[in-house]
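Quick notes on the structure that follows.
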Amino acid sequence: MFTNHDVAEHLRLIATLKEIKGEGRFHYLAFYNAADLIDNLPEDINDIAEAGRLTDLPGVGQGVAEVIQQFLTSGDSELARKLRSQVPVSLVELTEIPGLGAKKVARLWKELGITTLAQLKTAAEAHRIQTLKGFGAKTEANILKGIAQLEARAHARTPLGVARPLALKLIQALRQALPPDALTAIEAAGSLRRWKETVGDLDILAASSQPDEVMEAFQHVPLVEEILLGGETKSRVRLHGGLECDLRVVAPEHWGTAFQYFTGNKQHNIELRELALEQGWSLSEYGLKATGEGEAPAGEVRHFRTEEALYAFLGLDWIPPEMRENRGEIPLAQAHALPTLITAQDILGELHGHSDWSDGRADIETMAQAAIDRGYRYWLLSDHSVGLGVTGGVDGEKLKQQRRVVDALNERWARAGVDFRLLLGVELEILADGSLALPDEVLATLDVVVASIHSSLRQDQKTITQRCLKALRNPHVHILGHPTSRLLGRRPPTALDMDQVLEACADLGVVVEINAHPWRLDLNDIYARRAVDLGCKIAISTDAHQPSDMDYLVYGVAMARRAWLTPEDVINTRPVDDMLGMLVRK
Ligand code: DGT
Ligand code: CA
Ligand code: CA
Ligand code: ZN
């Protein structure tokens, strides 16, 4: 349930609290060091703990091991609980302000009584900080700047790839904390259930006849940092890391309408409410109530235990949450004409992935075996070409060697009767002037060529668009990888004129990628829809750099579903020879 990163964060929390408290260097450094070590460990910490090997890790003594052990089973530790009773945990956030380490935060606390961001801001604005020895006017100004940055971050939307694992953990923690009969259902609703690429906050919905017990348990989940609002059936909390979460508890007989309501989006709900009104019903999160304008007598109430029953009562097919954005899905559901959206099970193989020949973490056979284990029938090895400056990009010579490795593996699987084909390709650098990092003779030997942009990302719109178009015209380029090069929350998309690029892809038969890596989600739902409307075909791949990255496929499929894509729109739903046949030579 808890990852290496979760453990590292917990150890860092302990280290910071110890440092603020004023413990000796030796005491807190052990925790910082263990945190860094575990964050970078290739092995799963759960396995190490289970095998009793925690103290074998360099620098991990009995004390740290004990904390890890407790954290892995409960999400918290005795030591952290003790420290939280001695040091206000809100101080930890202050240490994230540039220039304010734990030592300075400790002094602000002990000498000025500051424990929260708001108090720090007030003190800095009143110039009370510079009265402290060693805190000049400049430090004070920097603190104000840092606070503004932290506030901006708190208001920023959270990438789905961060929010979703948190929501699932929260749900699991609540399930574990409650007796099985206390919860009839518990689900994430809101934008998370609609798989929107970023979420503003989490919305968790529970059905229970004992709401007080659910609320009580919620407030004690270790992921929760602060309770912002606590009521009988609704509460709002801030989780560690800043994401906020609404929890609503409803009676089981209200589940269908409540789940529908809290899934949204708001515009979809408003449309649905309009439709209900036309039929003489007022729709709320509790159910339908007859207005008297329709056939039912005014005041008659209907409850729905499932969403399906609610939609059906209104004459609609059930609408997949990914489509509930009021983009025309309600009339389609009314006409029983919703598209059959693609699912993860439709994907037969991936067309973008790496090995340790470039910047991947596993060797070719391990990656391919992971693909086989997932039931894929093909997988494209597409290491970075030279020209990017990452370690060990592949050139013509290395690709020849990879071909021998790939051939040998394919022969072995054929002999063993394994229905799987390892394809050889490359993730080809589109250089700053639109030329390609490998010559045509080399590209001609490959099964599939994915071309992408990783450098000179700040070129103006005309330059970068022309650069991309030039690369697309090369007869050997089959797929345009992560077209906008954005990284959610870290790097904006390039200035690429997407309409022009997508039109060119449609004209030239270049397939466009939905890169499923949760940092990328590139194309996103809007562009993926646009691409298909313009006549493009799509490939969904995780860009895996290690076997576990293949888990990210669901995020790419979600973008496709939000774009209303069907299996026909996506080339890697097809058997390998069909799929290869769709990669046209221009
Ligand atoms: P977010 O959090 O900004 O990513 O987006 P949502 O969709 O999760 O929005 P949120 O958390 O404000 O509310 C959750 C759902 O509750 C929303 O999708 C629809 C429903 N909802 C909230 N406010 C209203 C409202 O004023 N009218 C209606 N009809 N529904 C609402
Ligand atoms: Ca929300
Ligand atoms: Ca909300
Ligand atoms: Zn890649």
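Computed over heavy atoms, backbone and side chain alike; hydrogens, waters and symmetry mates excluded. Just so you know, ligand 1 is whichever comes first in the structure, and atom 1 is the first atom listed for that ligand.
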Would you call [X] and [Y] a salt bridge, taking side-chain N to carboxylate O under 4.0 Å as the test?
X      : Y      : value
Glu226 : Arg236 : no
Arg529 : Glu322 : no
Asp383 : Lys398 : no
Asp522 : Arg486 : no

The Zn ion (ligand 4): protein N, O or S atoms [distance under 2.8 Å]: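 For the Zn ion (ligand 4), the protein N, O and S atoms that sit under 2.8 Å away are His352 NE2, His354 NE2, Glu427 OE1, Asp543 OD1.
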The Ca ion (ligand 3) to Asp203: nearest N/O/S atom name: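 Looking only at N, O and S atoms of Asp203, the one nearest the Ca ion (ligand 3) is named OD1.
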Name, closest N/O/S atom of Asp201 to the Ca ion (ligand 3):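 Nearest N/O/S atom: OD2.
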Pair Trp379 + Phe420: ring centers closer than 6.0 Å: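 Ring centroids of Trp379 and Phe420 are no less than 6.0 Å from each other.
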His454 and His384 aromatic ring geometry - parallel, tilted or perpendicular at 30°/60° bounds: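 Rings of His384 and His454: perpendicular, as their planes differ by over 60°.
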Backbone or side-chain N/O/S of Asp246 under 3.0 Å of the Ca ion (ligand 2):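 No, since none of the N, O or S atoms of Asp246 sits under 3.0 Å from the Ca ion (ligand 2).
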Contact check: Glu244 to the Ca ion (ligand 3), N/O/S below 3.0 Å: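 No, Glu244 does not qualify, because none of its backbone or side-chain N, O or S atoms lies under 3.0 Å.
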Residues Asn515, Glu513; criterion side-chain hydrogen bond (donor to acceptor under 3.5 Å, both in side chains); working and verdict: CA-CA 6 Å; Asn515 190 297; Glu513 178 178 85; 3.0 Å; yes
Residue pair Arg193, Glu187: steps toward the salt bridge (charged side-chain N to carboxylate O under 4.0 Å, His left out) verdict: CA-CA 9 Å; Arg193 183 172 178 230; Glu187 298 276 354; 5.9 Å; no
